[in-house]
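All remarks here apply to the structure that follows.
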Amino acid sequence: MDIRPLVSLSARLMELAGVGSMVLGALLGTGLLLFRRQGLSAPEAYRRFRLNLGRAILLGLEFLVAADIIRTVSDQPTLSGVLVLGLIVLIRTFLSFTLTVELEGRWPWQPERKRPAPTSPALPPPPGKLARSEPAGVSARH
C-alpha cells in the first residue's frame, strides 16, 4: 500500500490549518476589538488586539512548519529538499521567536513573567478614623 497520497493530503491539511488559524485569529481578534472594547483605553485595546493577532500568527507558523516537515518526509529525500526545508524551518522559527519576544517580552525558552496584579487607587480612611503615621520601628500599643 502506497501511503504517499495520504501523507501528501496530511501536509495539505496542515497547511490549511495554518492559514486557517491565521485568518480565523485575525477575524476573532478584530471581533473582540470591536465588541469588547468598551471600558478600555485605546492603547490597551490596541495591545490586546496585537497580542491576539500575534498568537494567531504564531499558531499558524507552527502548522506551516509541520506541513513542510511532513511534505519533505513524504517525498524522496534529496539534499536540495532537505536544505530548502532547513531554510524554511529556520526562517519560520526565527519569525516565531521574534514574535514571541515582541508580544511577551521574553524568549520562548524563558519562563513566563508574572504580571503584577492591577492596583486599585488608595482609599481614604473611613470617616471617624484618622490615619496615623508612626516612625519606623515603633508599633502602636493598645
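In this text the structure is predicted, and so the values were computed from the model without any measurement. Along the sequence shown, residues are numbered consecutively beginning with 1.
Linking Ile, Leu, Val, Met, Phe, Trp and Tyr residues whenever their side-chain heavy atoms come within less than 4.5 Å leaves Val89 and Met22 in two separate clusters. Both Leu99 and Ile91 belong to a common hydrophobic cluster when Ile, Leu, Val, Met, Phe, Trp and Tyr are linked at side-chain heavy-atom distances under 4.5 angstrom. By the criterion of side-chain heavy atoms lying less than 4.5 angstrom apart, applied directly or through intervening Ile, Leu, Val, Met, Phe, Trp or Tyr residues, Leu90 is not grouped with Val82; the two fall into different hydrophobic clusters.
Smallest separation of non-hydrogen atoms from Gly25 and Ala56: CA-CB, 3.5 Å. Closest approach of Ile70 to Ala11, counting heavy atoms only: CG2-CB, 3.8 Å. For the residue pair Ala26 and Phe49, the shortest heavy atom distance occurs at O-CE1, 4.4 Å. Summarising the geometry of Ala67 relative to Met14, their closest heavy-atom pair is CB-CB, 3.6 Å, with the distance given to 0.1 Å.
With sequence neighbours excluded, the residues forming a side-chain hydrogen bond (donor to acceptor under 3.5 Å, both in side chains) with Thr78 are Ser80, listed by chain and number. Take Leu28 and apply the side chain to side chain contact (heavy atoms under 4.5 Å, CB included) test, not counting sequence neighbours, and it matches Leu24. Considering only residues two or more places apart in sequence or on other chains, Asp68 meets the side-chain hydrogen bond (donor to acceptor under 3.5 Å, both in side chains) condition with Arg92. The side-chain hydrogen bond (donor to acceptor under 3.5 Å, both in side chains) search around Glu102 returns Arg50, not counting sequence neighbours.
Grouping Ile, Leu, Val, Met, Phe, Trp and Tyr by side-chain contacts under 4.5 Å, direct or through others, leaves Leu32 on its own.
Here the CG atom belonging to Leu27 is positioned 12.5 Å from the CG atom belonging to Asn52, to the nearest 0.5 angstrom. Taking CG of Leu103 as the reference point, atom CG of Leu51 lies at 5.5 Å (rounded to 0.5 Å). For the atom pair OG of Ser96 and CG of Leu61, the computed distance is 4.5 Å after rounding to the nearest 0.5 Å. Between Ile88 atom CD1 and Thr93 atom OG1 the span is 11.0 Å, to the nearest 0.5 Å.
Dense packing is recorded around CG of Leu83, with more than 12 heavy atoms of other residues, nucleotides or ligands lying under 6.0 Å away.
For residues 10-22, the pairs satisfying side chain to side chain donor-acceptor pair (under 3.5 Å) are Glu15-Arg71, with sequence neighbours left out.
Although no hydrogens or angles enter the test, the distance criterion places a donor-acceptor pair under 3.5 Å between the side chain of Thr98 and the main chain of Phe94.
For the side chain to side chain contact (heavy atoms under 4.5 Å, CB included) test with Arg48, the passing option among Leu33, Leu53, Leu40 is Leu40; the others fail.
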Verdict with reasoning, Arg4 to Leu9, per side-chain contact (heavy atoms from CB on, under 4.5 Å): CA-CA 8 Å; Arg4 281 182 281 192; Leu9 175 65; over 6 Å; no

